[in-house]
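All values below were derived from every heavy atom in this structure, side-chain atoms included, with hydrogens, water molecules and symmetry-related copies excluded. Numbered from 1 within each chain, the chains take letters A, B, ... in sequence-line order. Worth saying up front: this structure is predicted, and the values here are computed from it rather than measured.
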Number of protein chains: 2
Amino acid sequence: MFVQPIETTSNQPIVDWRDFAPCAAPLFACAPEVVGTSFNYVRDEEIYGEREDTQFIYKVISGAVRTSKIMRDGRRQIGRFYLPGEFFGLELGKQHNLSAEAVADSKIFLFKRRQIEAMAQRNMEAAREMWLMTADHLRHAEDHLLLLGRKTALERLAAFLIEMDMSHGNCGLFELPMSRRDIADYLGLTLETVSRGFSELQKKQALELDGARHVVLRNRAFLGAMGA
Amino acid sequence: MFVQPIETTSNQPIVDWRDFAPCAAPLFACAPEVVGTSFNYVRDEEIYGEREDTQFIYKVISGAVRTSKIMRDGRRQIGRFYLPGEFFGLELGKQHNLSAEAVADSKIFLFKRRQIEAMAQRNMEAAREMWLMTADHLRHAEDHLLLLGRKTALERLAAFLIEMDMSHGNCGLFELPMSRRDIADYLGLTLETVSRGFSELQKKQALELDGARHVVLRNRAFLGAMGA
DNA sequence: CGTTACCTTGAGCCTTCTCAAAAGTTGTGG
DNA sequence: CCACAACTTTTGAGAAGGCTCAAGGTAACG
């Protein structure tokens with residue numbers, strides 16, 4: 001159920017090119033010719049489907065997004081979670097290779113792919129910035145291959161917690177926006193194994209859970225060593 | 001053991017930009033300003049290491065290459081195999097994220113990263129072509145995530161055979177350049193499970209083995225359905 | 001023709017999965 | 001504010017797919 005975004009009727013750009021730059025990259029001084037449109041998605045709503053045409057490029061404002069592939073019999077692999085500030089859906093091909101859904105109620109900015117492409121044609125720095133984004137996604141995927149192919153359940157969980165902590169500023173305290181099933185499908189496990197893993201890590205004093213989704217890391221060195 | 005490539009002393013370009021284009025992409029008409037140098041690697045020789053600086057971009061002429069990550073205790077995950085005609089080692093970051101080794105004795109072309117980067121700065125089409133290459137690698141990695149996270153041993157093997165067949169022109173007949181251990185580390189299995197899988201597929205009349213590495217596919221529809 | 005590396009097969013084990021049920025959490029309406 | 005329903009998470013018990021360890025077979029090479 002792809003929902004067509006509502007275009008703004010205003011001529012004022014809502015978001016300029018600087019917002020399109022990844023957070024880690026130096027900001028641009030180029031023209032605010034690329035405008036975005038805000039849109040809200042409810043939990044589990046599809047943002048785009050696998051093999052669907054690439055019309056937009058997306059930025060998470062609030063909430064969280066997952067990209068995934070699903071097999072005919074229902075087995076699912078989540079490629080990555082996207083948290084506020086992160087971009088997704090940028091692909092060079094005509095069609096998306098993964099689908100994207102909202103993990104929780106989310107506010108997303110949509111940029112027209114045509115505009116982005118046109119800008120990349122004219123602006124060398126912008127083109128490089130987008131290449132950089134693709135390269136960053138590739139690096140994440142490559143790291144995840146090692147996790148899925150060779151790490152144990154507890155190692156995967158540790159790596160996941162460290163990753164989540166990092167994207168929350170390494171403060172050792174964060175709220176998980178996704179369910180145990182989402183985590184399981186990200187880590188190539190079952191939700192029961194994920195749950196058992198959390199219990200195990202609590203027993204090892206590596207973390208505390210306040211409710212199922214509020215995490216406090218108690219031994220980040222241990223988790224880091226285990227997940228790496 | 002990284003071996004420094006021998007630079008050509010000739011001013012004649014050995015390879016021009018057209019050779020740098022991925023096979024699937026339209027060829028370029030731009031200047032042959034990028035020159036490459038041929039180099040031979042013996043089986044299992046390291047081409048570059050993980051975290052090593054990105055000095056070159058590589059094209060397989062003959063033989064085969066694997067890129068991989070290794071954990072401290074020796075567990076290894078192979079990211080991808082590269083066969084003749086394919087490029088690898090193209091990264092935007094300062095350092096490689098995976099290491100690369102020759103699977104068999106191989107002839108490789110090396111292109112200076114600096115030259116490639118400079119060209120991308122000047123030539124929009126070339127820049128796009130390189131972005132496309134990164135995007136293609138990302139797509140492959142994403143497909144592989146589903147394989148590693150969710151597929152059974154036999155499904156992984158079937159997918160691998162179909163992939164190998166495709167890169168040999170879908171003729172249903174090819175020579176595997178890599179060992180059972182390499183295949184296992186690519187598919188997130190042990191070499192014994194890979195071997196058992198081959199035997200099982202032979203029993204199912206899906207393929208024939210003439211020696212351990214010469215493969216004849218007998219039922220590609222079956223393998224395709226199983227691997228997808 | 002012997003040596004070495006690689007591949008296959010077997011037996012038993014272990015991590016993770018499956019199935020099931022209980023416990024906890026959230027939201028809603030009386 | 002409480003009761004109830006729906007959903008999520010945790011925990012338990014047993015099953016199974018793939019792993020480990022081990023032995024034997026095959027092919028390449030000096």
(Q) Output the rounded distance in Å from CZ (Arg75(B)) to P (dC19(D)). (A) 13 Å

Q.
In this structure, how many angstroms lie between the P atom of dC7(C) and the CG atom of Leu157(B), rounded?
A. 13 Å

Q. From dC7(C), dC19(D), dT10(D), pick the nucleotide closest to the side chain of Ser195(B)?
A. dC7(C)

Q. In terms of side-chain heavy atoms of Ala212(A), which of dC19(D), dT8(C), dT9(D) is nearest?
A. dT9(D)

Return no unless some side-chain N or O of [X] is found under 4.0 Å from OP1 or OP2 of [N].
{"X": "Arg213(A)", "N": "dT8(D)", "result": "no"}
{"X": "Thr193(A)", "N": "dC17(C)", "result": "yes"}
{"X": "Arg196(A)", "N": "dT16(C)", "result": "no"}
{"X": "Ser199(A)", "N": "dT11(D)", "result": "yes"}

Please determine if [X] and [Y] form a salt bridge, counting it only when a charged side-chain N lies under 4.0 Å from a carboxylate O.
{"X": "Glu200(A)", "Y": "Arg196(A)", "answer": "no"}
{"X": "Glu50(A)", "Y": "Lys69(A)", "answer": "yes"}
{"X": "Arg80(A)", "Y": "Asp136(A)", "answer": "yes"}
{"X": "Arg66(B)", "Y": "Asp185(B)", "answer": "no"}

Q: Classify the nucleic acid contact of Leu189(B) as base, sugar-phosphate or nothing, counting any heavy atom under 4.0 Å across all strands shown.
A: sugar-phosphate

